[in-house]
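Just so you know, these numbers use all the heavy atoms, side chains as well, and skip hydrogens, waters and symmetry mates.
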Amino acid sequence: MIGNVLKVIGGLVVVLFVLGFIGALAGSKDGATRPGPGSAKPASGFAMPGKSDVVTFAKYNQITNGMTYQQVVTIIGAQGEELSRNKINGVPGVMPDVETVMYQWMNSNGSNMNAMFQNNALMQKAQFGLK
């Protein structure tokens with residue numbers, strides 16, 4: 001029984017991670033503007049309004065599974081944007097509550113890092129286009 005519950009939890013975590021990653025790649029189309037002639041353009045060809053460059057590949061490589069959210073924030077130097085949160089109530093004496101939260105750090109050129117925490121311990125990370 002516990003094995004089946006853990007399989008379901010694992011499946012939900014993977015689905016949440018994939019959906020968050022797809023959402024990060026799709027980005028927000030409202031409010032996005034194209035640069036005008038003569039304007040500076042990031043290497044990726046677009047800019048994310050209101051975003052600053054906070055995460056690098058070097059910082060990403062310093063982050064390891066098991067770290068807390070606060071430890072990751074300390075390395076990156078900024079809070080992440082919460083993308084999703086899920087809580088599965090445990091069974092007293094059998095299984096504790098499981099809370100899974102996904103955060104994202106996005107740079108102005110669209111490069112980003114996603115991190116998934118389960119009960120405040122990093123369990124998975126992914127990056128797109130970090131330098």
Within [range] or reaching into it, pairs that qualify as salt bridge (charged side-chain N to carboxylate O under 4.0 Å, His left out) - sequence neighbours excluded:
{"range": "residues 98-111", "value": "Arg85-Glu99"}
{"range": "residues 108-121", "value": "none"}
{"range": "residues 100-109", "value": "none"}
{"range": "residues 64-79", "value": "none"}

Same cluster or not: are [X] and [Y] linked, directly or through other Ile, Leu, Val, Met, Phe, Trp or Tyr residues, by side-chain heavy atoms under 4.5 angstrom apart?
{"X": "Leu122", "Y": "Leu130", "answer": "yes"}
{"X": "Val91", "Y": "Ile88", "answer": "yes"}
{"X": "Met116", "Y": "Val72", "answer": "no"}
{"X": "Met113", "Y": "Met102", "answer": "no"}
{"X": "Val55", "Y": "Val101", "answer": "yes"}

Rounded to the nearest 0.5 Å, how far does CE of Met106 lie from CZ of Phe128? 9.5 Å
Check: [Y] main-chain N/O paired with [X] side-chain donor or acceptor under 3.5 Å:
{"X": "Asn112", "Y": "Gln127", "value": "no"}
{"X": "Asn109", "Y": "Ser111", "value": "yes"}
{"X": "Lys125", "Y": "Asn114", "value": "no"}
{"X": "Lys59", "Y": "Val54", "value": "yes"}
{"X": "Asp53", "Y": "Ser108", "value": "yes"}

Taking side chain to side chain contact (heavy atoms under 4.5 Å, CB included) as the test, write out the residues that go with [X], two or more places apart.
{"X": "Thr64", "answer": "Met67"}
{"X": "Gln62", "answer": "Ile75"}
{"X": "Asp97", "answer": "Lys87, Asn89"}

Tell me yes or no: between the side chains of Asn120 and Thr68, is some donor less than 3.5 Å from an acceptor?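 Looking only at side-chain atoms, Thr68 and Asn120 do not form any donor-acceptor pair under 3.5 Å.
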If you look only at pairs with a residue in [range], which of them pass as a ring pair (Phe, Tyr, Trp, His ring centres under 6.0 Å), with sequence neighbours excluded?
{"range": "residues 72-102", "answer": "none"}
{"range": "residues 70-93", "answer": "none"}
{"range": "residues 65-89", "answer": "Tyr69-Tyr103, Tyr69-Phe117"}

So do Val98 and Gln118 actually touch side chain to side chain, heavy atoms under 4.5 Å?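 The answer is yes, as the side chains (C-beta and beyond) meet within the 4.5 Å cut-off.
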Who are the ring pair (Phe, Tyr, Trp, His ring centres under 6.0 Å) partners of Tyr60, not counting sequence neighbours? Phe57
